[in-house]
Undergrad: 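One structure, as structure tokens, below. Some questions next.
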Protein chains: 2
Amino acid sequence: MDKEIIYDIRQFNRFYTRLLSVFNNQILDIDYSLIEARILFEISERTECIANNLVQELNIDRSYMSRILRKLEREELIEKKSTIMDSRKNFLYLTKKGEELLDKINIQSDEQIKQLFNGLTDSEINEIRISMMIIKEKLEKNKVRGEANEHNNGKINNT
Amino acid sequence: MDKEIIYDIRQFNRFYTRLLSVFNNQILDIDYSLIEARILFEISERTECIANNLVQELNIDRSYMSRILRKLEREELIEKKSTIMDSRKNFLYLTKKGEELLDKINIQSDEQIKQLFNGLTDSEINEIRISMMIIKEKLEKNKVRGEANEHNNGKINNT
DNA sequence: TCCTTTAGTTGACTTTGTCCACATTATATT
DNA sequence: AATATAATGTGGACAAAGTCAACTAAAGGA
């Protein structure tokens with residue numbers, strides 16, 4: 001693989017790391033961290049979501065997740081409901097309050113995107129969008145292939 | 001701006017956040033954190049680099065930066081040299097040891113990229129690269145325009 | 001049955017990051 | 001020049017984020 005291509009990709013990664021860090025620090029508007037917001041989001045997107053799903057999706061430690069979920073439960077943003085089939089697992093649900101918070105976060109996040117793109121023409125915006133979809137599709141396809149080949153049991157270190 | 005476009009962009013952001021987090025956690029191979037690696041990188045890229053440049057580029061707290069730089073100095077990865085014109089500032093340089101470490105980090109980072117793209121065809125890789133460059137160019141151009149218009153003194157919260 | 005795996009929790013700890021007050025020097029204002 | 005204001009960096013005290021290892025308990029096999 002060409003040195004120059006690697007250079008460009010790493011440059012993009014630095015650029016996007018910075019952009020995301022600015023975005024993420026803004027979530028502080030509300031009294032919850034990015035990771036908490038993300039957990040609420042994932043719970044709302046999934047059916048029969050369990051803690052371990054989140055551990056894998058978000059790539060964070062089990063014990064840490066356990067604590068965050070406990071906090072969210074204490075603050076009545078989520079509820080744990082024990083399952084019948086497997087009593088180790090708890091299904092996670094947003095409470096009314098949790099949903100309301102997530103709505104608020106979503107509105108803010110949409111607003112961030114609008115600000116970021118503010119000033120660009122529709123066709124520029126669409127170019128960016130298409131570019132993002134290309135990156136995501138290609139890399140995801142590749143990841144899936146990689147996992148199928150290498151048979152790495154749950155280790156995510158070689159994405 | 002269209003709901004659907006915003007959706008796609010946020011989806012990309014989640015996807016890329018995850019990817020970068022996996023990448024960044026791998027830097028732990030070496031005994032230095034991502035931010036330290038990034039600081040070494042920035043110092044090597046710049047001429048007459050001062051702490052405050054890094055504070056702004058990396059968007060982190062002044063006091064935190066001060067401590068990191070002190071640590072890097074203690075470990076003899078960087079040197080501070082006082083400037084003549086402005087005795088508040090210190091120019092930062094990598095030591096031999098710092099350069100060697102950065103070389104090692106660079107090799108590892110290149111390797112990460114190669115792994116990530118491993119299995120894709122040359123034309124796919126190039127599509128991704130072009131996509132990245134489009135995103136970066138458009139968003140950077142926009143940011144510069146925004147700053148010129150809004151005259152926000154150093155606040156980075158509206159990237 | 002016994003062994004292994006999976007899910008989650010807890011304690012103890014480290015690392016990372018933030019806030020505020022401060023010292024020093026430079027720059028702008030009058 | 002004198003004074004105010006801004007920029008650069010440091011240190012203390014603290015809070016938040018994240019890690020590691022040991023553990024319980026249930027599930028899923030051989």
Side-chain angles (χ1 to χ4, degrees), chain A residues 17 21-22 24-39 43 46 48-75 78-92 153-157, chain B residues 17-18 21-22 24-39 43 46 48-75 78-92 152-157:
Chain A
T17 298
S21 111
V22 172
N24 296 344
N25 285 332
Q26 283 184 322
I27 304 278
L28 297 174
D29 273 30
I30 327 174
D31 229 20
Y32 297 91
S33 69
L34 172 72
I35 196 69
E36 288 163 340
R38 186 64 198 278
I39 286 169
I43 291 173
R46 290 160 188 268
E48 310 201 326
C49 176
I50 66 168
N52 204 40
N53 298 149
L54 302 173
V55 164
Q56 290 177 355
E57 173 70 27
L58 304 179
N59 195 23
I60 71 177
D61 186 79
R62 291 206 317 281
S63 65
Y64 185 29
M65 179 64 73
S66 174
R67 275 177 252 266
I68 296 173
L69 291 176
R70 201 199 311 163
K71 182 193 165 197
L72 296 178
E73 202 182 13
R74 266 205 318 271
E75 310 214 346
I78 67 170
E79 280 177 324
K80 295 180 186 172
K81 288 185 186 163
S82 51
T83 72
I84 316 156
M85 321 88 67
D86 188 338
S87 59
R88 291 169 308 178
K89 302 174 184 174
N90 290 306
F91 289 148
L92 303 171
N153 322 312
K155 285 183 199 158
I156 0 156
N157 269 359
Chain B
T17 298
R18 172 77 157 69
S21 112
V22 171
N24 296 344
N25 284 332
Q26 284 185 320
I27 304 278
L28 298 174
D29 272 30
I30 328 173
D31 228 22
Y32 296 91
S33 67
L34 172 73
I35 196 68
E36 289 163 340
R38 185 65 199 278
I39 286 168
I43 291 172
R46 291 159 187 269
E48 309 202 327
C49 176
I50 65 167
N52 204 41
N53 299 148
L54 302 174
V55 164
Q56 290 178 354
E57 173 71 26
L58 305 179
N59 196 22
I60 70 177
D61 186 82
R62 292 206 315 281
S63 66
Y64 185 29
M65 180 63 73
S66 173
R67 274 178 255 266
I68 296 173
L69 291 176
R70 201 199 312 161
K71 183 193 164 198
L72 295 178
E73 201 183 13
R74 265 205 318 269
E75 311 214 347
I78 67 169
E79 281 178 322
K80 296 180 185 172
K81 288 186 187 163
S82 51
T83 72
I84 316 156
M85 320 88 70
D86 187 338
S87 58
R88 293 170 308 177
K89 303 175 184 175
N90 290 306
F91 289 146
L92 304 171
N152 48 339
N153 320 313
K155 286 181 197 156
I156 0 151
N157 269 359

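First the proteins, then the strands, lettered A, B, ... as listed; each starts at 1. The analysis underlying the following values was restricted to heavy atoms, covering all of them including side chains, and did not include hydrogens, waters or symmetry mates. Bear in mind that the values here come from a model prediction, so they are computed numbers and not experimental data.
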Undergrad: How many angstroms lie between atom CD1 of A:Ile39 and atom CG of A:Leu69, to the nearest 0.5 angstrom?
TA: 5.5 Å
Undergrad: Is B:Leu69 touching bases, backbone alone, or none of the nucleic acid, heavy atoms closer than 4.0 Å?
TA: nothing
Undergrad: Return the nearest nucleotide to the side chain of B:Ile35; candidates are C:dC20, C:dG11, C:dG17.
TA: C:dG17
Undergrad: How long is the line joining CG of B:Asp61 and C1' of D:dG11, in whole Å?
TA: 12 Å
Undergrad: Any base atoms under 4.0 Å from A:Ser63, or only sugar-phosphate, or nothing? Heavy atoms, all strands.
TA: base
Undergrad: CG of B:Asn24 versus P of D:dT19: gap in Å, rounded?
TA: 12 Å
Undergrad: How close or far is atom P of C:dG8 from atom NZ of A:Lys81, stated in whole angstroms?
TA: 17 Å
Undergrad: Between atom OH in B:Tyr64 and atom P in D:dG11, what is the gap in whole Å?
TA: 17 Å
Undergrad: What's touching nucleotides 2-7 of chain D from the protein side, N or O pairs under 3.5 Å?
TA:
from  : atom 1 : to      : atom 2 : distance (Å)
D:dA7 : N3     : B:Arg88 : NH1    : 2.7

Undergrad: Rounded to the Å, how far apart are A:Leu72 CG and D:dA17 C1'?
TA: 14 Å
Undergrad: Decide yes or no, distance alone: a donor-acceptor N/O pair under 3.5 angstrom between the base of D:dG12 and the side-chain of B:Arg67.
TA: yes
Undergrad: Which part of the nucleic acid, if any, lies within contact of B:Lys71, taking any heavy atom under 4.0 Å across all strands shown: a base, the sugar-phosphate backbone alone, or nothing?
TA: nothing
Undergrad: Using whole Å, what does the distance between atom C1' of nucleotide C:dT14 and atom CD1 of B:Ile68 come to?
TA: 15 Å
Undergrad: Closer than 4.0 angstrom, basic N to acidic O: yes or no for B:Glu57 and B:Arg38?
TA: yes
Undergrad: Under 4.0 Å between a side-chain N/O of B:Ser66 and OP1 or OP2 of D:dG11, yes or no?
TA: no
Undergrad: Applying side-chain contact (heavy atoms from CB on, under 4.5 Å) to A:Phe91 and A:Glu79, what does each step give before you reach the verdict?
TA: CA-CA 8 Å; A:Phe91 289 148; A:Glu79 280 177 324; over 6 Å; no
Undergrad: Whether B:Ser87 contacts C:dA26 is assessed here as follows: a side-chain N or O lying under 4.0 Å from the phosphate OP1 or OP2. Is that the case?
TA: yes
Undergrad: Side chain of B:Arg62 only, please: which of D:dT8, C:dA12, C:dT18 is the nearest?
TA: D:dT8
Undergrad: Partners of B:Asp61 by side chain to side chain donor-acceptor pair (under 3.5 Å), sequence neighbours excluded?
TA: B:Ser63
Undergrad: Are the side chains of A:Asp86 and A:Lys89 in contact, using a 4.5 Å heavy-atom criterion?
TA: yes
Undergrad: Less than 4.5 Å apart, side chain to side chain, heavy atoms only: is that true for B:Asn90 and B:Ile50?
TA: no
Undergrad: Could you state the CD1-P distance from B:Ile60 to D:dA16, rounded to the nearest angstrom?
TA: 19 Å
Undergrad: Could you list all the salt bridge (charged side-chain N to carboxylate O under 4.0 Å, His left out) pairs where at least one residue sits in residues 62-72 of chain B, not counting sequence neighbours?
TA: B:Glu36-B:Lys71
Undergrad: Of all the choices, C:dT16, C:dG8, D:dA27, which nucleotide is nearest to the side chain of A:Asp86 once you look at every atom?
TA: D:dA27
Undergrad: Within this structure, what is the CE-to-C1' distance between B:Met65 and C:dC19, rounded to whole angstrom?
TA: 17 Å
